[in-house]
> 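Attaching a single structure in structure tokens format; questions to follow.
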Protein chains: 2
Amino acid sequence: MRYSEDHKAKTHQRIIDEAARLFRRDGIGATGLQPLMKTLGLTHGGFYAHFKSKDQLVETALAHTAEQLKASTDEIFANDAPLPTFIRRYLSSAHCANPGDGCPLPTMSSELGLRGQASEITDQVVRDRLQAIEGSLDTEEAEAQSIMMISAMVGALVLARSVSDPQLSQHLLKTVRQQLLEQVESAS
Amino acid sequence: MRYSEDHKAKTHQRIIDEAARLFRRDGIGATGLQPLMKTLGLTHGGFYAHFKSKDQLVETALAHTAEQLKASTDEIFANDAPLPTFIRRYLSSAHCANPGDGCPLPTMSSELGLRGQASEITDQVVRDRLQAIEGSLDTEEAEAQSIMMISAMVGALVLARSVSDPQLSQHLLKTVRQQLLEQVESAS
DNA sequence: TGTACATCAGTGAACGCGCGTTCACTGATGTAC
DNA sequence: TGTACATCAGTGAACGCGCGTTCACTGATGTAC
């Protein structure tokens with residue numbers, strides 16, 4: 001069957017989008033190409049009309065996630081007083097409950113650390129975020145503070161997702177959220 | 001071949017120790033029973049003389065890790081001014097470089113979150129740590145501060161292990177270490 | 001003390017399964033004449 | 001306008017591989033007589 005001109009490009013993008021979701025939600029290793037393609041209503045053989053290998057998809061999907069992340073971060077930081085918004089969103093129950101649509105840092109640490117080329121994308125994500133936060137802090141020690149904030153946010157999300165007690169999970173999120181917001185307020 | 005009386009118990013423990021290491025280093029899913037047993041100089045079939053299934057090993061190994069962790073934490077917190085020691089050890093280059101011998105929280109978040117029974121062990125690990133830190137803080141807001149500290153430490157380790165640039169990695173660790181140590185000093 | 005037997009931790013081939021990957025094939029549509 | 005052909009995204013069976021698990025077997029040692 002021959003399709004319309006942009007059909008292949010659309011399918012290509014659908015694969016990337018779904019992969020970016022599943023890699024973050026379930027991990028790279030636990031995401032099979034067969035289930036991935038089935039989710040899109042396709043068969044697994046067709047995958048190789050779009051990508052050379054799973055590894056190539058991983059890199060593409062990671063790059064796509066990084067781009068998306070930068071765009072949404074930049075959007076937040078284009079406004080006034082962006083830091084409280086960023087903190088509230090990052091440490092929201094929604095972000096905690098939907099790792100597939102969120103930040104890849106808390107979920108993919110172990111798998112990212114091992115990959116050579118792909119983990120350079122991680123470096124850029126971390127540096128971009130640090131710069132954005134640092135830029136909106138007027139204090140001395142802005143750099144150290146931005147590192148502390150990012151670390152606390154990533155750690156809080158990791159912990160909130162790891163524990164099985166929902167109350168403990170929410171308590172961790174809420175506490176770090178409030179502490180960081182206070183810190184931002186007192187700094188301005 | 002029949003072995004000495006405590007031979008089986010020793011092998012049993014060797015399996016648990018190695019599994020606890022590999023689960024933290026490579027993840028549960030990525031750790032195969034065949035390579036695990038081979039590392040111990042055994043064949044894979046013998047595994048089932050010791051455990052009913054891989055799942056049972058996972059639970060046993062996780063419980064063992066939690067116990068070990070509690071023991072080493074308690075040891076640190078039995079001394080005077082334990083917090084600086086704990087912070088320095090947790091955010092050391094050695095801990096960062098050897099996930100297999102360290103805290104399971106930064107590496108196993110995604111895999112732990114999905115497991116029912118096993119993730120209750122995680123709850124206990126988190127609560128134990130919080131209590132230990134909280135107890136050695138004399139300030140008001142000791143609870144909130146201990147949550148912030150744990151989050152920052154876990155997040156810093158996750159980030160330091162995720163990035164590919166060693167300098168960035170060390171910088172993240174060092175900055176969070178110094179910030180937390182200052183915070184502890186100023187609180188006492 | 002010497003011999004026959006029981007024990008059972010560990011062996012290694014085999015099982016079904018899902019993985020990533022390959023490949024001969026399909027068939028609706030665009031193009032050539 | 002009608003027909004023959006080329007295209008190529010997607011199909012689905014098949015590949016080797018490592019996984020978790022099963023099972024008939026081994027053979028050094030302890031026990032019974």
Side-chain angles (χ1 to χ4, degrees), chain A residues 1-62 108 110-111 114-118, chain B residues 1-62 108 110-111 114-118:
Chain A
M1 10 175 175
R2 189 148 167 186
Y3 299 89
S4 61
E5 218 175 298
D6 60 347
H7 181 91
K8 190 179 181 182
K10 277 185 183 169
T11 304
H12 192 85
Q13 193 56 48
R14 283 207 302 147
I15 295 173
I16 293 172
D17 287 339
E18 189 62 19
R21 243 184 69 80
L22 295 180
F23 288 162
R24 278 176 282 177
R25 200 190 64 183
D26 304 329
I28 296 170
T31 299
L33 296 182
Q34 210 145 333
L36 165 63
M37 294 300 278
K38 203 173 181 182
T39 300
L40 301 173
L42 298 169
T43 50
H44 54 283
F47 173 82
Y48 294 90
H50 293 278
F51 299 96
K52 216 181 82 249
S53 64
K54 186 183 181 182
D55 256 24
Q56 199 192 52
L57 172 64
V58 169
E59 264 179 53
T60 310
L62 244 45
M108 302 178 69
S110 52
E111 285 188 305
L114 308 169
R115 291 181 176 269
Q117 208 173 334
Chain B
M1 6 171 176
R2 188 146 168 183
Y3 299 89
S4 61
E5 219 173 300
D6 60 347
H7 181 92
K8 190 180 181 181
K10 278 185 183 169
T11 304
H12 192 85
Q13 194 55 48
R14 283 206 303 147
I15 295 173
I16 294 172
D17 288 339
E18 189 61 19
R21 244 184 67 81
L22 294 180
F23 288 162
R24 278 177 282 176
R25 200 189 63 182
D26 304 330
I28 296 170
T31 300
L33 296 181
Q34 209 145 331
L36 166 64
M37 294 299 279
K38 203 173 182 183
T39 300
L40 301 173
L42 299 170
T43 50
H44 53 282
F47 173 82
Y48 295 89
H50 294 278
F51 299 95
K52 214 180 85 254
S53 63
K54 186 183 180 180
D55 255 24
Q56 199 192 53
L57 172 64
V58 170
E59 264 178 52
T60 310
L62 245 44
M108 303 178 68
S110 52
E111 285 188 307
L114 308 167
R115 291 181 176 269
Q117 206 172 334

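Chain naming here is simple, since letters A, B, ... match the order of the sequence lines and numbering starts at 1 in each.
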> Which residue lies toward the 5' end of DNA chain C, A/G29 or B/A49, if each is placed at its nearest nucleotide?
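First, find each residue's nearest nucleotide; the 5'-ward one identifies B/A49.
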
> C/dA9 phosphate, OP1 or OP2: any side-chain N/O from B/T11 under 4.0 angstrom?
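For C/dA9, neither OP1 nor OP2 has a side-chain N or O of B/T11 closer than 4.0 Å.
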
> With a cut-off of 3.5 Å and sequence neighbours excluded, list every side-chain donor-acceptor pair involving residues 17-24 of chain A.
from: A/D17; atom 1: OD1; to: A/Q13; atom 2: NE2; distance (Å): 3.2
from: A/D17; atom 1: OD1; to: A/H64; atom 2: NE2; distance (Å): 3.0
from: A/R21; atom 1: NH1; to: A/D101; atom 2: OD1; distance (Å): 3.4
from: A/R24; atom 1: NE; to: A/A20; atom 2: O; distance (Å): 2.9
from: A/R24; atom 1: NE; to: A/G100; atom 2: O; distance (Å): 3.3
from: A/R24; atom 1: NH1; to: A/G102; atom 2: O; distance (Å): 2.6
from: A/R24; atom 1: NH2; to: A/G100; atom 2: O; distance (Å): 3.3

> Just verifying a value: how many Å separate B/D6 CG and B/T11 OG1, rounded to the nearest 0.5 Å?
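Answer rounded to 0.5 Å: 9.5 Å.
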
> Taking atom P of C/dT21 as reference, at what distance in whole Å does atom NZ of A/K54 sit?
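That distance rounds to 8 Å.
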
> Can you check the A/L33 CG to D/dT11 P distance for me, whole Å?
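That distance rounds to 15 Å.
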
> Pair up each side-chain donor or acceptor in residues 36-48 of chain B with any protein partner under 3.5 Å, not counting sequence neighbours, and list the distances.
from: B/T39; atom 1: OG1; to: B/P35; atom 2: O; distance (Å): 2.9

> Output the rounded distance in Å from CD (A/Q56) to P (C/dT21).
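Atom-to-atom, A/Q56 to C/dT21, this comes out as 10 Å.
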
> To the nearest Å, give me how far apart NZ (B/K10) and P (C/dA9) are.
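Rounded to whole Å, this separation is 15 Å.
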
> Donor-acceptor check, side chain of A/E111 to backbone of A/G27, threshold 3.5 angstrom: yes or no?
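No: the side chain of A/E111 does not pair with the backbone of A/G27.
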
> Each nucleotide N or O in nucleotides 12-16 of chain D that has a protein N or O under 3.5 Å away: list the pair and distance.
from: D/dA13; atom 1: N6; to: A/H44; atom 2: NE2; distance (Å): 3.4

> How many Å lie between OH on B/Y48 and C1' on C/dT11, as a whole number?
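Distance check: B/Y48 OH to C/dT11 C1' gives 15 Å.
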
> Could you give the CG-to-P distance, from B/D6 to C/dC8, as a whole number of Å?
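Spelled out: CG on B/D6 to P on C/dC8 is 16 Å.
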
> Round to a whole Å and report the spacing from CE of B/M37 to P of D/dC19.
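It works out to 14 Å between those atoms.
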
> Compare side-chain N and O positions of B/S53 against OP1 and OP2 of D/dG20 and report whether any pair is under 4.0 Å apart.
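So the side-chain polar atoms of B/S53 never come under 4.0 Å of the phosphate oxygens OP1 or OP2 of D/dG20.
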
> Just the rounded figure in Å: distance from C1' of D/dC19 to CG of B/D55.
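It works out to 14 Å between those atoms.
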
> Could you pull out every donor-acceptor pair under 3.5 Å between side chains of residues 49-57 of chain A and any protein atom, sequence neighbours left out?
from: A/S53; atom 1: OG; to: A/D55; atom 2: N; distance (Å): 3.4
from: A/S53; atom 1: OG; to: A/Q56; atom 2: N; distance (Å): 3.2
from: A/K54; atom 1: NZ; to: A/I28; atom 2: O; distance (Å): 3.0
from: A/K54; atom 1: NZ; to: A/T31; atom 2: O; distance (Å): 2.9
from: A/D55; atom 1: OD1; to: A/R115; atom 2: NH1; distance (Å): 3.4
from: A/Q56; atom 1: OE1; to: A/K52; atom 2: N; distance (Å): 2.9

> Reading 5' to 3' and counting Watson-Crick or G-U wobble pairs with both distances under 3.5 Å, write the dot-bracket notation for DNA chain C, | for bases paired outside the strand.
.||||||||||||||||||||||||||||||||

> Does A/H7 put a side-chain nitrogen or oxygen below 4.0 Å from OP1 or OP2 of D/dC8?
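Result: no.
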
